[in-house]
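Worksheet: one structure, shown below.
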Amino acid sequence: MYNKSDIELKVAEFLLQIKAIKLQPANPFTWASGWKSPIYCDNRITLSHPSVRTYIRQKLAQLIQEEYGAVDVIAGVATAGIPQGVLVAQELGLPFIYVRAKAKEHGTGSLIEGEVVEGQRVVVIEDLISTGKSSLQAVDALRNAGLSVAGLVAIFTYGFQQADDNFAAAKCRYSTLSNYKALIDYAAEHAIIAKSDMEFLNKWRENPSQWGQNETV
């Protein structure tokens with residue numbers, strides 16, 4: 001049985017434990033977008049930890065079966081979604097393809113690598129959801145190639161309203177193993193952050209592009 005709340009907290013625990021997620025409300029990170037952020041997430045680190053990697057592989061496979069039923073192929077989003085997608089495809093015994101960030105500039109000029117069969121039902125694998133824009137570019141590429149996108153699954157989401165809006169506009173369902181709320185709840189409960197920081201951290205999720213400009217910890 002897929003117990004959503006237990007899995008959300010367990011994945012949050014793993015990501016903090018192996019430092020795939022770092023929380024620094026007093027010393028925020030700067031993302032490539034220029035946003036200031038109290039959190040940094042690099043789920044590629046999970047690949048270096050066999051027990052965590054196995055848990056995530058199994059739970060992503062279960063999530064697909066629970067939320068999307070039978071599918072024909074698994075697609076990874078380059079680059080971080082590729083290894084996770086391969087692991088899930090292996091777990092489910094399904095073919096695997098992946099979507100490049102942009103088409104190759106040589107050879108076949110492919111945007112999608114692997115055997116693509118029109119009409120196949122596909123689930124897309126990402127490692128992380130922020131605004132969802134890069135993920136949805138991959139969804140568009142798969143749809144344009146004639147595949148039926150059942151939905152997208154990822155390890156973690158920041159829970160931005162912008163992501164929900166973008167996926168809704170694209171008419172694409174998405175599901176994740178864990179999320180920012182579960183992470184903050186776990187971190188506060190286990191004294192990884194002070195409970196007094198929770199309001200401050202939640203303000204970031206509500207308005208990440210403006211957070212930190214007029215905030216003090």
Side-chain angles (χ1 to χ4, degrees), residues 4 7-8 11-12 14-15 18 20-21 31-33 35 37 39-47 52-53 55-68 71 73-92 94-102 111-114 116 120-145 147-183 205 208:
K4 184 175 176 62
I7 292 167
E8 286 176 350
V11 170
F14 276 142
L15 296 180
I18 65 174
I21 284 181
W31 286 1
S33 62
W35 289 3
S37 169
I39 180 174
Y40 184 78
C41 181
D42 182 2
N43 288 327
R44 288 166 290 201
I45 292 172
T46 64
L47 300 167
V52 176
R53 184 180 69 210
Y55 184 85
I56 287 172
R57 180 193 79 220
Q58 292 171 341
K59 297 309 175 186
L60 283 173
Q62 287 179 25
L63 180 59
I64 289 168
Q65 292 173 320
E66 289 279 336
E67 294 289 330
Y68 305 105
V71 297
V73 61
I74 298 296
V77 179
T79 57
I82 293 175
Q84 303 293 348
V86 169
L87 290 167
V88 172
Q90 184 68 20
E91 180 76 8
L92 293 172
L94 291 174
F96 176 76
I97 58 178
Y98 71 87
V99 185
R100 291 176 171 273
K102 61 179 183 177
L111 182 59
I112 303 172
E113 298 290 359
V116 177
Q120 281 186 319
R121 192 164 186 262
V122 58
V123 165
V124 184
I125 307 288
E126 265 284 24
D127 73 321
L128 175 68
I129 301 294
S130 54
T131 65
K133 288 185 178 179
S134 59
S135 305
L136 289 168
Q137 287 175 355
V139 169
D140 285 344
L142 293 163
R143 287 172 170 169
N144 291 337
L147 284 84
S148 173
V149 178
L152 180 144
V153 298
I155 298 170
F156 188 81
T157 177
Y158 293 118
F160 297 150
Q161 184 61 47
Q162 187 177 355
D164 289 344
D165 293 345
N166 287 338
F167 275 92
K171 295 181 170 58
C172 180
R173 293 171 60 196
Y174 81 100
S175 310
T176 62
L177 294 183
S178 193
N179 54 69
Y180 187 72
K181 182 182 183 304
L183 176 82
R205 187 180 61 81

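Both backbone and side-chain heavy atoms feed into the values below; hydrogens, waters and symmetry mates do not. The structure presented is a predicted model; accordingly, all values stated were derived computationally and were not measured.
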Any donor-acceptor pair under 3.5 Å from R44 side chain to T79 backbone: no

T46 versus Q84, side-chain donor and acceptor atoms under 3.5 Å: yes

Closest heavy-atom pair and its distance - L15, F156: CD1-CD1, 4.1 Å

side-chain contact (heavy atoms from CB on, under 4.5 Å) evaluation trace for Y174 with V153: CA-CA 6 Å; Y174 81 100; V153 298; over 6 Å; no

Heavy-atom check, side chain of V77 versus side chain of Q137, under 4.5 Å: no

From CA spacing to verdict: side-chain contact (heavy atoms from CB on, under 4.5 Å), V11, K59: CA-CA 10 Å; V11 170; K59 297 309 175 186; 5.7 Å; no

E126-S135 side chain donor-acceptor pair, cut-off 3.5 Å: yes

Atom pair CZ/CD1 of R57 and I155 - distance to nearest 0.5 Å: 12.5 Å

S175/Y68 under side-chain hydrogen bond (donor to acceptor under 3.5 Å, both in side chains): CA gap, chis, key distance, verdict: CA-CA 10 Å; S175 310; Y68 305 105; 2.9 Å; yes

Mutual orientation of the aromatic rings belonging to Y55 and F14 [parallel < 30°, tilted 30-60°, perpendicular > 60°]: perpendicular

Nearest heavy atoms of A141 and L111, plus distance in Å: CB-CD2, 3.5 Å

Between CG on residue N43 and CD1 on residue I18, distance to nearest 0.5 Å: 8.0 Å

Heavy-atom pair of closest approach, residues R143 and K171: NH2-O, 2.9 Å

Side-chain donor/acceptor of R205 to backbone N/O of G159, under 3.5 Å: yes

side-chain contact (heavy atoms from CB on, under 4.5 Å) between V86 and Y98, intermediate numbers included: CA-CA 9 Å; V86 169; Y98 71 87; over 6 Å; no

Close side-chain approach of R100 and I112, heavy atoms under 4.5 Å: no

For A163 against S130, the heavy-atom pair lying closest together: CB-O, 3.2 Å

Separation between CG of L94 and CZ of R121, rounded to the nearest 0.5 Å: 11.5 Å

Heavy-atom side-chain proximity of E113 to I97 below 4.5 angstrom: no

Heavy-atom pair of closest approach, residues A101 and A78: N-CB, 4.2 Å

Taking every non-hydrogen atom, the tightest pair across V73 and P95: CG2-O, 3.3 Å

Spatial distance of atom CD1 (I21) from atom CD1 (I39) [nearest 0.5 Å]: 4.5 Å

Approximate separation, where rounding is to 0.5 Å, of W31 CH2 and S37 OG: 4.5 Å

pair L177-L63: side-chain heavy atoms closer than 4.5 Å: yes

Parallel, tilted or perpendicular: rings of Y158 and F160 (30°, 60°): parallel

Within 6.0 angstrom of Q58 CD, more than 12 heavy atoms from elsewhere: yes

Non-hydrogen side-chain atoms of V71 and V122 separated by less than 4.5 Å: no

From CD1 (I129) to CG (L136), nearest 0.5 Å: 7.5 Å

Intermediate values then yes/no, side-chain contact (heavy atoms from CB on, under 4.5 Å), I74 and F96: CA-CA 5 Å; I74 298 296; F96 176 76; 4.2 Å; yes

Side chain to side chain, I125 and I82, heavy atoms closer than 4.5 Å: no

Y40 ring center within less than 6.0 Å of W35 ring center: no

Short side-chain to backbone donor-acceptor contact, R173 and G151, under 3.5 Å: no

